[in-house]
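A quick write-up on the structure given underneath.
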Amino acid sequence: MSFHLHKFPLLSRSGVMERLIAEASEEGEEKCSICLPDIPGGAKTFELVAKFCYGVKLELTASNVVYLRCAAEHLEMTEEYGEGNLITKTETFLNQVVLRNWKDSLRALQTCDDIISYDEELNVTKRCIESLAIKASTDPNLSGWPIMEYGGPMQSPGGSVLWNGISTGARVKNTSSDWWYEDASTLSFPRYKRLIAVMESRGIRQEIIAGSLTFYAKKYLPGLNRCLGATDTNSSTCVAPVALEAPPSEEDQKLLLEEIDRLLPIQKGLVSTNFLFGLLQTALILRVSPSYISNFEKRIGMQLDQATLEDLLIPNFSCSMETLYNVDCVQQILEHFLAVDQIIGGASPSLVDDGQITASPSLTPVTLVAKLIDGYLAEVASDVNLKLPKFQALAASVPDYSRPLDDGLYRAVDIYLKSHPWLSESEKEQLCRLMDCQKLSLEACTHAAQNERLPLRIVVQILFFEQLQLRTSITGCLLVSDNLDGSRQSGVAGPTERGWASTARENQVLKVGLDNMRTRVSELEKECSNMKQEIERLGRVKSFTWGNVSKRFGFKLKSRMCSAQEGSISNQNTESRKNEKLKDRQGQHKKNSTPKSR
């Protein structure tokens with residue numbers, strides 16, 4: 001762009017213009033033509049500089065002050081060429097206005113990308129970043145300045161809202177610590193990276209840094225939001241990322257993902273497990289370096305106990321693998337979790353004594369992970385392409401002491417057997433050895449005893465341990481009942497007697513029921529023994545006739561008939577006796593009625 005300007009206004013304000021005009025005038029040309037190819041900000045900025053040289057009042061803003069400051073430095077517009085020259089004015093505006101305001105500092109920093117060479121000499125970027133870092137690390141509820149800059153109401157020194165300059169007594173709402181996430185995400189990644197580094201050096205909390213990185217990643221990694229699906233409720237970020245008009249290229253996304261891995265603090269619980277799984281899936285889709293994929297797996301392994309089943313269902317993005325889900329990735333994550341758990345003093349096999357799990361501070365996370373892996377196995381077991389060794393390897397990776405019950409593992413094994421009916425009998429037995437039959441609940445034992453897909457040997461073991469478990473439970477109940485009865489007879493009433501009252505009554509009822517059952521079983525055994533003896537005796541008889549049957553089974557009928565006959569005979573004798581007595585009485589009466597002769 002060409003500018004037709006007077007010489008004197010320019011050379012009176014700029015040392016560079018003074019030298020260039022002098023050199024052009026020595027050549028004797030009537031028209032002095034000067035070329036300025038390296039002006040920071042280009043023709044638009046030089047136009048503002050020219051107006052300043054002509055005495056036109058400039059409107060300095062956060063969007064042009066950095067360009068004007070660098071252009072003034074390039075043209076040597078110092079105080080030697082006039083008081084209140086452009087360097088002084090821009091520097092004063094930058095320090096007293098721009099750097100004291102969050103929004104202005106942010107706009108000024110965004111313009112530094114086009115003038116990198118001059119910017120580094122003048123430390124404009126450094127000063128803007130430090131200003132932003134100070135404001136972001138300051139509690140906004142104490143100062144109140146971010147609310148004023150966001151177009152909210154003015155605030156009095158006492159903290160009340162001002163309306164028309166009059167204090168209303170109302171208080172402004174509290175501002176969360178993530179208010180600056182969206183503004184910081186508008187920076188280019190090199191500037192954003194420097195901002196995060198300065199904030200870390202100032203001691204800002206790690207969870208705030210992690211929240212900002214989460215917001216930035218969600219904004220510039222479109223695949224991440226698709227992997228996350230539902231809203232990440234565990235994230236500390238409460239501001240939704242703004243959609244981009246033109247998403248970054250695949251290569252830029254890959255570089256950003258690698259930088260996110262470097263910047264993200266390595267600490268459990270700073271970001272949600274759901275977000276880490278999203279980063280891992282995005283890394284698998286973009287095919288980043290295996291070292292970064294391993295880093296994401298290690299981060300997830302540190303907090304695997306906070307994951308859900310939906311998080312573990314990572315689709316298989318590799319063309320060489322036939323399975324629906326990436327089982328190998330879950331295997332690596334589980335191994336990292338177990339390694340970390342052992343380092344921090346987690347539960348170990350030594351904590352298990354005779355099948356009973358003792359108390360341990362970190363036993364709960366291991367138990368949660370075991371339940372999670374069992375659910376994952378049940379989900380992937382229906383995949384017909386899942387090979388038996390891979391299924392066994394993942395199931396066996398979970399320590400035995402982490403499973404109080406093997407019901408979840410039994411369910412996964414049952415689904416795998418149902419989806420893979422072509423397995424041989426030896427493979428089925430090998431698969432079922434993953435379960436501990438002694439750790440199945442009564443419901444699982446009942447189901448397994450009727451499960452036709454299980455090998456016969458496994459079913460027999462389950463039935464045996466089921467009976468053993470029942471016997472142990474009944475014995476324990478009886479012992480508790482006997483102890484309670486003994487304590488009552490001795491007159492010792494402990495503080496826990498009331499709590500055991502209901503249990504004692506139930507045990508007493510159970511004891512009576514068991515006694516009745518034993519009596520009934522004894523009677524049945526006797527009847528069975530008698531029937532067996534009769535069958536053996538009858539088997540010795542060669543000819544089996546109805547007469548023999550009547551002798552064996554009809555003796556009661558005969559006795560009844562004999563007793564009936566005896567009853568009839570006795571009745572006949574009684575009647576005859578009565579008749580004789582009646583006749584005697586009649587004869588006696590006749591004798592008494594006849595008069596005696598004198």
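All residue numbers refer to positions in the sequence shown, counting from 1.
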For this session: Carefully, step by step, assess Leu279 and Leu224 under the rule side chain to side chain contact (heavy atoms under 4.5 Å, CB included).
Result: CA-CA 6 Å; Leu279 291 178; Leu224 179 60; 4.1 Å; yes
Problem set entry | Candidate pair Arg191 and Asp113, rule salt bridge (charged side-chain N to carboxylate O under 4.0 Å, His left out), full reasoning | CA-CA 8 Å; Arg191 307 295 181 190; Asp113 295 333; 2.8 Å; yes
Exercise. Taking it one step at a time, do Met77 and Val49 satisfy side chain to side chain contact (heavy atoms under 4.5 Å, CB included)?
Worked result: CA-CA 10 Å; Met77 302 178 70; Val49 172; 3.7 Å; yes
For this session: Quick one: do Arg299 and Leu264 satisfy side chain to side chain contact (heavy atoms under 4.5 Å, CB included)? Show the steps, please.
Result: CA-CA 10 Å; Arg299 291 178 183 273; Leu264 198 62; 3.8 Å; yes
For this session: With salt bridge (charged side-chain N to carboxylate O under 4.0 Å, His left out) as the test, would you mind laying out the steps for Arg107 and Asp104 before giving the verdict?
Result: CA-CA 5 Å; Arg107 293 191 190 98; Asp104 290 342; 3.0 Å; yes
For this session: Check the pair Lys371 / Thr367 against side chain to side chain donor-acceptor pair (under 3.5 Å), numbers first and verdict last.
Result: CA-CA 6 Å; Lys371 183 178 180 181; Thr367 306; over 6 Å; no
Exercise. For Gln331 and Ser397, what are the C-alpha separation, side-chain angles and deciding distance, and is it a side chain to side chain donor-acceptor pair (under 3.5 Å)?
Worked result: CA-CA 8 Å; Gln331 177 80 36; Ser397 298; 2.6 Å; yes
Problem set entry | side chain to side chain contact (heavy atoms under 4.5 Å, CB included) assessment of Lys44 paired with Tyr67 | CA-CA 10 Å; Lys44 186 176 182 180; Tyr67 294 122; over 6 Å; no
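Between the side chain of Tyr192 and the backbone N or O of Thr186 there is no donor-acceptor pair closer than 3.5 Å. Between the side chain of Ser137 and the main chain of Ile134, a donor-acceptor pair closer than 3.5 Å is present. Under the 3.5 Å distance criterion, the side-chain polar atoms of Ser212 are left unmatched by any main-chain donor or acceptor of Ile209. Side-chain atoms of Tyr216 never come within 3.5 Å of backbone atoms of Ile260 as a donor-acceptor pair (strictly under, hydrogens ignored). With Asn95 contributing its side chain and Glu91 its backbone, the two residues share a donor-acceptor pair below 3.5 Å. Ser131 contributes no side-chain N or O that, together with a main-chain N or O of Arg127, makes up a donor-acceptor pair within less than 3.5 Å. No donor-acceptor pair closer than 3.5 Å links the side chain of Ser14 to the backbone N or O of Leu11. Remark: the backbone N or O of Thr308 is paired with a side-chain donor or acceptor of Asp311 at under 3.5 angstrom.
For the residue pair Ser289 / Ser291, a side-chain donor-acceptor distance below 3.5 Å is found, with atom types taken as modelled. Side-chain N/O atoms of Lys218 and Thr214 include no donor and acceptor closer than 3.5 Å. A donor and an acceptor atom, one from each side chain of Tyr292 and Arg262, are located under 3.5 Å apart. Counted by atom type alone, Gln332 and Ser294 present zero donor-acceptor pairs between their side chains at under 3.5 Å.
Crowding of Arg411 atom CZ: a count of heavy atoms from other residues, nucleotides or ligands under 6.0 Å not exceeding 12. Few gaps surround NZ on Lys254; more than 12 heavy atoms of other groups in view lie less than 6.0 Å from it. Within 6.0 Å of the CG atom in Leu309, the count of heavy atoms belonging to other residues, nucleotides or ligands exceeds 12.
Nearest heavy atoms, Asn85 versus Arg13: ND2-O, 3.0 Å. Ile314 and Cys329 make their closest contact through CD1-SG, 4.1 Å (heavy atoms, listed as atom of the first residue, atom of the second, distance). When every heavy atom of Ser185 is checked against every heavy atom of Lys219, the shortest pair comes out as OG-NZ, 3.3 Å. Of all non-hydrogen atoms in Leu409 and Ala395, the two that sit nearest each other are CD1-CB, 4.0 Å. Smallest separation of non-hydrogen atoms from Cys112 and Val66: SG-CG1, 4.0 Å. Among all heavy-atom pairs drawn from Gln342 and Tyr401, the shortest one is NE2-OH, 3.3 Å.
Using a 4.5 Å heavy-atom cutoff, the side chains of Leu257 and Asp261 are not in contact. Within the 4.5 Å cutoff, the side chain of Tyr376 has heavy atoms near those of the Leu394 side chain.
With values rounded to the nearest 0.5 angstrom, Phe189 atom CZ is found 13.5 Å from Arg194 atom CZ. The distance from the CD1 atom of Ile293 to the NZ atom of Lys298 is 13.0 Å, given to the nearest 0.5 Å. A distance of 7.0 Å separates CD of Glu47 from CE of Met1, quoted to the nearest 0.5 Å. Atom-to-atom distance recorded for Leu276:CG and Leu280:CG is 9.0 Å, nearest 0.5 angstrom. Atom-to-atom distance recorded for Glu121:CD and Asn123:CG is 9.5 Å, nearest 0.5 angstrom. Atom CZ of Phe277 sits about 13.0 Å away from atom OG1 of Thr282, to the nearest 0.5 Å.
Ring geometry for Phe3 against Phe46 counts as perpendicular: the plane angle is over 60°, on a 0 to 90° scale with 30° as the lower cut.
With sequence neighbours excluded, the residues forming a side chain to side chain contact (heavy atoms under 4.5 Å, CB included) with Gln253 are Leu221, Pro222, Pro248, Leu286, listed by chain and number. A search for side chain to side chain donor-acceptor pair (under 3.5 Å) contacts involving Glu79 returns Thr88, not counting sequence neighbours.
In summary, of the residues considered (Val380, Asn316, Leu386), a side chain to side chain contact (heavy atoms under 4.5 Å, CB included) with Tyr325 occurs for Val380 alone.
Asp305 and Lys268 are joined by a salt bridge, as a carboxylate oxygen and a charged side-chain nitrogen come within less than 4.0 angstrom of each other.
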